[in-house]
Amino acid sequence: MKIEKVGVVGCGLMGHGIVQVAAQGGCQVVALETAPEYLEKGLARVDKSLAKLAAKGVEKGKMTQEQADAWVAETRGRITGSTDRADLADCDLVIEAIVENLDAKKELFGALGGICKPETIFGSNTSSFPIGEMASASGRPERFVGLHFFNPVQLMRLVEVVRTDATDGEVFEAAKAFGAACGKTPVSCKDTPGFVVNRLLVPYMVQAIQMLDRGDASAEDIDAAMQFGCGYPMGPITLTDYVGLDTTLFILEGWTERYPDEPAFAIPQSLRDKVAEGKLGRKTGEGYYKWDGDKKA
Ligand code: CAA
Ligand code: NAD
């Protein structure tokens, strides 16, 4: 079950990174978006990241400038863009990285079930929704896995590979091998809310925001405490800006609907307020912090 051609649906924060690491891993990649301008924006992010990685390779003496240029051209040459779902028909694997909305994801997989060849494996990058529900909607639950990458995809070394009771054993092994080909360490997960990482990480972010909302400490002090007291690369408030306040809220809304009595999933008021104001974090220039491009303003 060799994965040579990969479709990635959604070329946003996560999708563009998945497109890139799949191409770096040697796959032909079709990036699918809803409109040409979103596609252009996503592929421009791939170009910027590839240039950064190439420059770092040269700086560290791992490759010459000539080799770096060839690596960028070869990797980028494996990627094509499309706004037509029919272009995913002959992919060996299609990974979904669209907005965290279960109805949108089910609609997509229902349609792809009718478009893609019978052998195509489907994977979802969802942060929080049950893989089993999307698998049923696709009409091919035995060929469905969760493939949960981490932000920023180019740098984070993990992929959670999620199986349901219906997932075929060979499909699961092929998905893990694909994750490894993308340069990631695959961990096996069951279809539980948040899998391993988000079941631990999102409640931690919630606690930090609630601490801020109560006025127990400033955002800067909460972040500094976890960075310098625990050695985390960034604090939880910065991390929420990094993940996206909308995505964090969608995750919590999905969970509170299913598990209304779980206090770890309680939605902080400031998160609701900021999303309503369009302050979605780093991607919109303001969340809990103000941002100037990739850096805090
Ligand atoms: N492509 C290529 N290079 C990149 C890059 C990208 N996308 N993003 C950053 N870099 C480079 C930077 O240019 C920088 O290069 P130099 O050293 O040459 O300057 C280098 O990587 C380090 O970046 P920064 O200087 O910006 O900052 P940093 O040292 O703090 O590292 C980080 C950034 C790797 C993101 C680090 O802060 C980190 O690990 N943070 C935690 C991230 C995390 O927890 N992610 C998981 C989020 S949760 C999730 O993803 C699941 C979910 O479902 C919500
Ligand atoms: P994003 O908003 O940055 O990107 C989503 C992209 O999908 C947008 O570019 C949008 O135009 C496109 N899109 C929406 N509907 C589409 C459709 N029907 N067909 C094609 N394209 C469509 O969101 P994101 O942060 O990249 O999140 C994407 C998925 O990855 C979500 O399920 C999210 O929970 C998950 N995730 C996010 C993070 C994170 O840190 N942000 C980490 C891991 C997983």
Side-chain angles (χ1 to χ4, degrees), residues 7-21 24 30-43 45-60 81-85 88 94-112 123-129 131 134 146-160 194-202 204-205 223 226-227 231-236 238-252 254 280-284 293-296:
V8 180
V9 188
C11 201
L13 189 58
M14 295 303 292
H16 89 275
I18 300 171
V19 164
Q20 182 177 331
V21 296
Q24 285 175 214
V30 181
L32 188 86
E33 258 291 351
T34 47
E37 58 269 31
Y38 296 133
L39 194 55
E40 232 168 75
K41 202 172 153 200
L43 295 180
R45 288 167 100 167
V46 171
D47 289 335
K48 196 172 156 196
S49 175
L50 283 176
K52 251 188 208 176
L53 296 177
K56 202 170 274 181
V58 174
E59 193 186 299
K60 288 189 171 165
S82 171
T83 54
D84 183 356
R85 286 176 176 178
L88 302 181
V94 175
I95 306 169
E96 162 278 314
I98 67 169
V99 63
E100 188 72 351
N101 177 304
L102 188 56
D103 289 338
K105 289 178 192 285
K106 282 173 152 176
E107 183 281 324
L108 173 73
F109 282 118
L112 291 178
S124 171
N125 186 53
T126 183
S127 298
S128 61
F129 290 127
I131 299 300
M134 290 176 272
L147 269 170
H148 188 216
F149 288 85
F150 291 82
N151 176 25
V153 179
Q154 293 91 341
L155 303 186
M156 306 313 282
R157 294 182 297 167
L158 179 67
V159 61
E160 291 178 324
F195 319 124
V196 173
V197 170
N198 283 348
R199 183 63 181 84
L200 297 170
L201 189 68
V202 176
Y204 155 71
M205 288 153 70
D223 281 345
M226 294 312 292
Q227 244 188 309
Y232 286 16
M234 55 171 63
T238 302
L239 184 60
T240 307
D241 270 10
Y242 208 79
V243 166
L245 274 57
D246 51 345
T247 301
T248 308
L249 180 61
F250 296 150
I251 294 170
L252 289 168
L280 307 184
R282 194 172 71 141
K283 62 184 166 188
T284 57
D294 286 351
K295 303 277 174 201
K296 280 185 192 150

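When reading the values below, keep in mind they use all heavy atoms of this one structure, side chains included, and skip hydrogens, waters and symmetry mates. One is the number of the first residue; the rest follow in order along the sequence. Because the structure is predicted, anything quoted here is derived from the model rather than measured. Remember, it's 1-based here, ligands and their atoms both numbered in the order they're listed.
- Side chain to side chain, Ser124 and Glu96 meet the donor-acceptor criterion of an N or O pair below 3.5 Å.
- Counted within 6.0 Å of NZ on Lys48, heavy atoms from surrounding residues, nucleotides or ligands total 12 or fewer; the atom is thus considered open.
- Remark: the backbone N or O of Tyr242 is paired with a side-chain donor or acceptor of Asn151 at under 3.5 angstrom.
- Distance screen at 4.0 Å: atom 22 (C) of ligand 1 has no protein heavy-atom neighbour inside the cut-off.
- In this structure, the protein non-hydrogen atom closest to atom 45 (N) of ligand 1 is Asn151 O, 2.8 Å.
- Among all non-hydrogen protein atoms, the one lying nearest atom 35 (C) of ligand 1 is Tyr242 OH, 3.4 Å.
- Atoms of ligand 1 found under 4.0 Å from any heavy atom of Met156, numbered from 1 in the order shown, are 39 (O), 42 (C), 43 (C), 45 (N).
- At the shortest separation from atom 9 (C) of ligand 1 among protein heavy atoms lies Leu155 CD1, 3.5 Å.
- Atom CG of Asp223 sits about 9.0 Å away from atom CG of Leu239, to the nearest 0.5 Å.
- Proximity of Val243 to ligand 1 is established by a heavy-atom distance of less than 4.0 Å.
- Counting the atoms of ligand 1 from 1 in the order shown, those under 4.0 Å from a heavy atom of Phe150 are 49 (C), 50 (O), 51 (C).
- Considering only non-hydrogen atoms, atom 15 (O) of ligand 1 lies nearest to Lys56 out of Lys56, Lys52, Gln20, Met234.
- For the pair Asp241 and Lys296, the salt-bridge criterion is not met [side-chain N within less than 4.0 Å of a carboxylate O].
- Between Ser49 and ligand 1, at least one pair of N/O atoms sits closer than 3.5 Å.
- Contact check for Leu32 versus Thr83: no side-chain heavy atoms found under the 4.5 Å cut-off.
- Side-chain contact annotation: His16 with Gln154, donor-acceptor N/O pair under 3.5 Å present.
- Using a 4.5 Å heavy-atom threshold, the side chains of Phe250 and Asn101 count as separate.
- Judged by the shortest distance from any of its heavy atoms, Tyr232 lies outside the 4.0 Å radius around the atoms of ligand 1.
- Side-chain contact check for Gln20 versus Leu53: some heavy-atom pair is nearer than 4.5 Å.
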Under 3.5 Å, N/O to N/O: give me all the pairs between ligand 2 and the protein, one per line with atom names and distance.
{"unit_1": "ligand 2", "atom_1": "3 (O)", "unit_2": "Leu13", "atom_2": "N", "d": "3.0"}
{"unit_1": "ligand 2", "atom_1": "9 (O)", "unit_2": "Glu33", "atom_2": "OE2", "d": "2.5"}
{"unit_1": "ligand 2", "atom_1": "11 (O)", "unit_2": "Glu33", "atom_2": "OE1", "d": "2.8"}
{"unit_1": "ligand 2", "atom_1": "11 (O)", "unit_2": "Glu33", "atom_2": "OE2", "d": "3.4"}
{"unit_1": "ligand 2", "atom_1": "26 (O)", "unit_2": "Leu13", "atom_2": "N", "d": "3.3"}
{"unit_1": "ligand 2", "atom_1": "26 (O)", "unit_2": "Met14", "atom_2": "N", "d": "2.8"}
{"unit_1": "ligand 2", "atom_1": "30 (O)", "unit_2": "Asn125", "atom_2": "ND2", "d": "3.0"}
{"unit_1": "ligand 2", "atom_1": "32 (O)", "unit_2": "Ile98", "atom_2": "O", "d": "3.3"}
{"unit_1": "ligand 2", "atom_1": "32 (O)", "unit_2": "Glu100", "atom_2": "OE1", "d": "2.5"}
{"unit_1": "ligand 2", "atom_1": "32 (O)", "unit_2": "Lys105", "atom_2": "NZ", "d": "2.7"}
{"unit_1": "ligand 2", "atom_1": "34 (O)", "unit_2": "Glu100", "atom_2": "OE1", "d": "2.9"}
{"unit_1": "ligand 2", "atom_1": "34 (O)", "unit_2": "Ser127", "atom_2": "OG", "d": "2.7"}
{"unit_1": "ligand 2", "atom_1": "36 (N)", "unit_2": "Ser127", "atom_2": "OG", "d": "3.1"}
{"unit_1": "ligand 2", "atom_1": "40 (O)", "unit_2": "Asn151", "atom_2": "ND2", "d": "3.2"}
{"unit_1": "ligand 2", "atom_1": "41 (N)", "unit_2": "Val243", "atom_2": "O", "d": "2.8"}

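- Protein heavy atoms all stay at least 4.0 Å away from atom 32 (C) of ligand 1.
- With a 4.0 Å cut-off on non-hydrogen atoms, Asn198 touches ligand 1 through its side chain and not its backbone.
- Using a 4.5 Å heavy-atom threshold, the side chains of Ser128 and Glu100 count as touching.
- Within ligand 1, the atoms closer than 4.0 Å to a non-hydrogen atom of Pro233 are 36 (C), 37 (O), 38 (C), 39 (O), 40 (N), 41 (C), numbered from 1 in the order shown.
- Residue Leu201 has at least one heavy-atom neighbour below 4.0 Å for each of these atoms of ligand 1: 48 (S).
- The side-chain heavy atoms of Phe195 and Ile131, taken from C-beta on, include a pair separated by under 4.5 Å.
- Counting heavy atoms from C-beta outward, Val9 and Leu88 have side chains that approach closer than 4.5 Å.
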Chi angles and distances behind the side-chain contact (heavy atoms from CB on, under 4.5 Å) call for Arg157, Phe150: CA-CA 8 Å; Arg157 294 182 297 167; Phe150 291 82; over 6 Å; no
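- Only side-chain heavy atoms of Leu53 come within less than 4.0 Å of ligand 1; its backbone N, CA, C and O stay farther off.
- With hydrogens left out, the protein atom closest to atom 7 (N) of ligand 1 is Gln154 OE1, 3.2 Å, a heavy atom.
- Applying the ring-ring contact (aromatic ring centres under 6.0 Å, His included) rule to Phe109 yields the partners Phe122, Phe144; only residues at least two apart in sequence or on another chain are considered.
- A 4.5 Å side-chain heavy-atom check between Val94 and Arg85 finds every atom pair outside the cut-off.
- No more than 12 heavy-atom neighbours from other residues, nucleotides or ligands sit within 6.0 angstrom of OH on Tyr38.
- Regarding atom 44 (O) of ligand 1, its nearest protein heavy-atom neighbour is Leu239 CD1, 3.5 Å.
- Distances from atom 48 (S) of ligand 1 to the protein include at least one heavy-atom value under 4.0 Å.
- Numbered from 1 in the order shown, with element, the atoms of ligand 1 that lie under 4.0 Å from a heavy atom of Pro152 read 35 (C).
- Note that atom 27 (O) of ligand 1 has no protein non-hydrogen atoms nearby, at separations under 4.0 angstrom.
- Among Lys295, Glu160, His148, the residue whose heavy atom lies closest to atom 25 (O) of ligand 1 is Lys295.
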How far apart are the C-alpha atoms of Glu33 and Lys41, what are their side-chain angles, what is the distance that settles it, and do they pass the salt bridge (charged side-chain N to carboxylate O under 4.0 Å, His left out) test? CA-CA 10 Å; Glu33 258 291 351; Lys41 202 172 153 200; over 6 Å; no
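- Shown here, atom 19 (O) of ligand 1 is out of close reach of the protein: none of its heavy atoms lies under 4.0 Å off.
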